[in-house]
Amino acid sequence: MGSLNGWTWVRAAICVLLTIFMVAPLAIIVVISFSSAPFLRFPPPGFSLQWYRSFFGNPVWLKTLSISVQVMIPAALGATTLGTMSAVGIARGRLPGASLIAGLLMAPFVVPVIITAAAIFGMFRAWNLYGTLLGLMIAHTVLTLPFVMATTLAAMRMVKPELEDAALTLGATHWSAFWRVTFPLILPAVLTGLLFSLVISFDELIVSLFISSPSVRPITVQMWSDIRGSVDPTIAAIATVLFSFSLFVMLIDHLYRRSSAKRALTSESS
Amino acid sequence: MSDFILELRGLRKVYGHVVAVDEIWLSLAKGEFLTLLGPSGSGKTTTLLMVAGLASPTEGEMMLDGKPLNPLPPYKRSIGMVFQNYSLFPHMKVAKNVAFPLEMRGESKREIKRKVADVLRLVGLPDYGDRYPGQLSGGQQQRIALARAMVFEPRLLLMDEPLGALDKKLREQMQIEIMRLHKKTGMSVIYVTHDQEEALVMSDRVAVFNHGRIVQSGPPEDLYENPNSQFVAGFLGESNFLPGTVTGVEDQFCRLDGAVSPLRARRDATLKQGDPAVVVVRPEHVQLIEPQESQRDAENCLRGIVSEVIYLGRSRKYVIRLEGAEEIRSLQQLQADGVRTFSVGDAVAMKWNAQRALALPGRDAQDGP
C-alpha cells in the first residue's frame with residue numbers, strides 16, 4: 001500500500017510539472033499583455049490595457065490581422081471542400097491509384113514544412129503568385145487539406161457502403177444518397193476538419209514567411225518581424241488574441257463532438 | 001403479358017476469374033414467395049444484388065413485369081430490399097427512415113404521414129416513429145427495415161438473410177411475422193437464406209444453389225421428398241447415404257447391392273443396371289427394432305450397435321454404427337406409447353420402407369465440379 005501511494009505521488013508530481021511546463025509560458029504571456037510596464041517583464045508592476053489599445057490602434061496590426069482572416073476563411077473552406085471530396089472519392093471510388101493519391105495529398109503532413117515552404121516559394125515565383133493574397137490562400141489550402149482528409153477519410157470508413165445501397169434501392173439517386181445519408185454521417189468529421197483548418201491557417205508562419213510581401217502580410221509574419229526589432233508587450237496582447245481565438249475554436253469543436261457523440265451513442269448501441 | 005413478375009434468363013456474373021453466378025434461369029409468379037437456398041458463396045446473394053441493381057450481370061437478361069430490367073439504375077427499379085444488417089439510417093428517426101422512399105418519390109407530406117403510420121402498424125411497431133434505430137432491439141430494427149422496404153409498394157421485395165443476425169427464438173417469431181405479412185399484402189418475395197429449415201418453413205418454392213447454379217427448384221415438400229442429388233438431400237434436412245450398385249430395375253424401384261445389405265429403393269429415372277448409386281434415407285424413416293425380430297439378408301434391414309443417443313425432447317436421435325465403418329442416424333418419436341428405447345452399446349436392427357428410400361446416381365458426389 002505504501003509503495004502504491006508513493007508511486008501515485010510521483011505520478012501526480014510529474015503531471016503537475018508537465019502541465020506547468022506547458023501552460024506557464026502561455027499564462028505568462030497572457031499576464032504580461034495586461035502589464036503597465038513598457039518591457040516584457042514578469043511579474044508586471046501593475047495592470048493596464050495599453051497594449052491592447054496599441055494593438056487595435058495600430059493600422060499595421062489591423063491590416064495584417066485582416067489579411068490573416070482573408071486568407072484563413074477561403075483556405076479553410078477550400079481545404080474542407082477539396083479534402084472531403086478526396087476522402088469520399090478515395091473511400092468509395094474504384095480508382096486504381098487511390099492509396100497513392102491519398103499519400104500525395106497527405107504529403108504536407110510528412111514533408112518538413114521548410115521544404116514545402118521552399119518548394120511553394122519556387123513555384124509561386126514562376127507563377128506570379130508570390131506576395132499575393134491568392135497565393136497565400138492556395139498555399140494554406142494545400143497545408144490544411146491533409147487534416148480535413150485524415151478526419152473525413154476515417155469517418156467515411158465507418159459508414160457502411162450498404163447504407164448507400166439501401167438508399168439506392170429505396171429510390172435515391174447517387175447524389176441524394178450522398179447528401180441524405182452519407183454526408184450527415186460524416187458531417188462531424190468534416191466540421192472538425194474545417195475548424196482545424198481555420199486554426200492552422202491562422203497560426204501558420206513558415207510558409208507565409210516565404211511567400212508574403214510587405215503589402216500582403218499575415219499577422220504571424222508581422223509578429224515575427226516585430227519580435228526581431230523592438231519588443232514591447234503589444235506582442236503579448238496580440239498573442240493573447242490569437243490564443244483566445246484558437247481556444248474558442250477548440251471549445252466549439254469539443255462541444256459539438258460531445259453532442260454528436262451523445263447522439264451516436266444512442267443510435268449505434270445495437 | 002406473362003403471369004411472371006420476374007424472369008431471369010441465363011444470368012451470369014463473373015468477378016475476375018471467379019464465376020459467382022452461372023446461367024441462372026428463374027421465373028417468379030405474382031405473389032410467390034421464392035427462397036434461394038444454398039451454402040455461402042453459392043451465388044444466391046449475387047443473384048439478388050443483380051436483381052436489385054447493385055451488381056450488374058456479365059451476361060443474361062432480367063425482365064420485371066415483362067419489361068427489361070438490365071438498363072434501369074437501382075433507384076428506378078421499384079424493388080424493395082431488406083439487408084441482413086438492417087441498414088437503417090442511424091441519424092434518422094424511425095419515421096424518417098420509413099418516410100425516406102416516399103420522400104424520394106416526391107409524395108405529399110400528408111400521404112407520407114398516413115403511409116408511414118399504416119406500415120408501422122402493419123409491422124406491429126406503431127409507437128416507435130420517434131425513436132432512433134439505435135434505441136431498438138435487433139428484431140425491432142428488422143421490422144422497421146421491412147416496413148421501409150414495403151412502404152412504397154414495390155413490385156418485388158428482396159430479402160438477403162434478413163434474420164441472420166437474430167437469435168433462434170426471435171428468428172422463428174420473425175419467420176411467422178414475415179409469412180403473415182406476405183399473406184396479407186400478396187407481395188412477390190425473393191428470400192435468400194442458408195438456413196434450410198427457414199426455407200422449408202416459409203417458402204412457396206425453393207431454389208437450391210450450389211457453385212453459382214440452381215441445382216434443383218420446387219415446392220419444399222417436393223425437394224425434401226425427391227431430392228435430385230446428394231447435395232440437395234444433404235443440404236435440405238438430414239439424410240443417410242448408403243452406397244451400392246444397381247442390380248435390377250423394376251418400374252419405379254430398383255434393387256441394389258450395398259456394402260451391408262441388399263437394398264430396395266425408389267429410383268432416379270436415369271439409373272440402369274450396373275450403375276453406381278447412393279440410397280438416401282431420412283433419419284425419421286429409419287425404424288429401430290430388436291435384432292431378433294429382424295431376418296438376416298432381408299431387404300432394407302441392417303444391424304448395428306448404438307454408439308450415441310441424443311435426447312431432443314419430443315424425439316430421440318440414435319447414431320448406429322454398422323458392421324462396416326458406416327453410421328446410420330435414426331430419429332424416433334417418443335409420444336407414442338410402446339416405443340422401445342435403446343442405450344449406447346445395445347445391438348439393434350433397422351428397417352425402412354422401400355417407398356421411403358431414394359436411389360440417386362453417383363457414388364461419391366456431394367457436389368459437382
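None of these values were measured; they are calculated from a predicted model. Numbered from 1 within each chain, the chains take letters A, B, ... in sequence-line order.
- Annotation for A/R92: atom CZ counts as buried by contact number, over 12 foreign heavy atoms lying within 6.0 Å.
- Residue contact with chain B, scored on non-hydrogen atoms closer than 4.5 Å, involves the backbone and the side chain of A/T169 alike.
- Distance check: B/F89 CZ to A/L170 CG gives 5.5 Å after rounding to the nearest 0.5 Å.
- Atom NE2 of B/H182 has more than 12 neighbouring heavy atoms from other residues, nucleotides or ligands inside a 6.0 Å radius.
- Applying the ring-ring contact (aromatic ring centres under 6.0 Å, His included) definition to pairs two or more places apart or across chains, those involving residues 134-161 of chain A are A/F109-A/F147.
- Residue pairs meeting the salt bridge (charged side-chain N to carboxylate O under 4.0 Å, His left out) criterion with at least one member in residues 133-147 of chain B, sequence neighbours excluded: B/R143-B/E177.
- Atoms OH and NE2, on B/Y75 and A/H174 in that order, are 6.5 Å from each other to the nearest 0.5 Å.
- In this structure, B/F83 and A/D165 have side chains that are in contact, with non-hydrogen atoms separated by less than 4.5 Å.
- Residue B/D130 qualifies as open at atom CG: its count of foreign heavy atoms under 6.0 Å is 12 or below.
- Atom CZ of A/F196 has 12 or fewer heavy atoms from other residues, nucleotides or ligands within 6.0 Å.
- When heavy atoms are compared at a cutoff of 4.5 Å, B/R131 does not approach chain A at all.
- Not a single donor-acceptor pair under 3.5 Å links the side chain of B/H91 to the backbone N or O of A/T182.
- Applying the 6.0 Å contact sphere to CE of A/M250 captures more than 12 heavy atoms from other residues, nucleotides or ligands.
- Taking every heavy atom of both residues into account, B/P90 and A/L163 meet most closely at CD-CD1, 3.9 Å.
- Among residues 38-55 of chain B, the residues having any heavy atom closer than 4.5 Å to a heavy atom of chain A are, in sequence order, B/A52, B/L54.
- Neither the backbone nor the side chain of A/A177 has a heavy atom closer than 4.5 Å to any heavy atom of chain B.
- Of all residues in residues 103-112 of chain B, those placing a non-hydrogen atom less than 4.5 angstrom from a non-hydrogen atom of chain A are B/E103, B/M104, B/R105.
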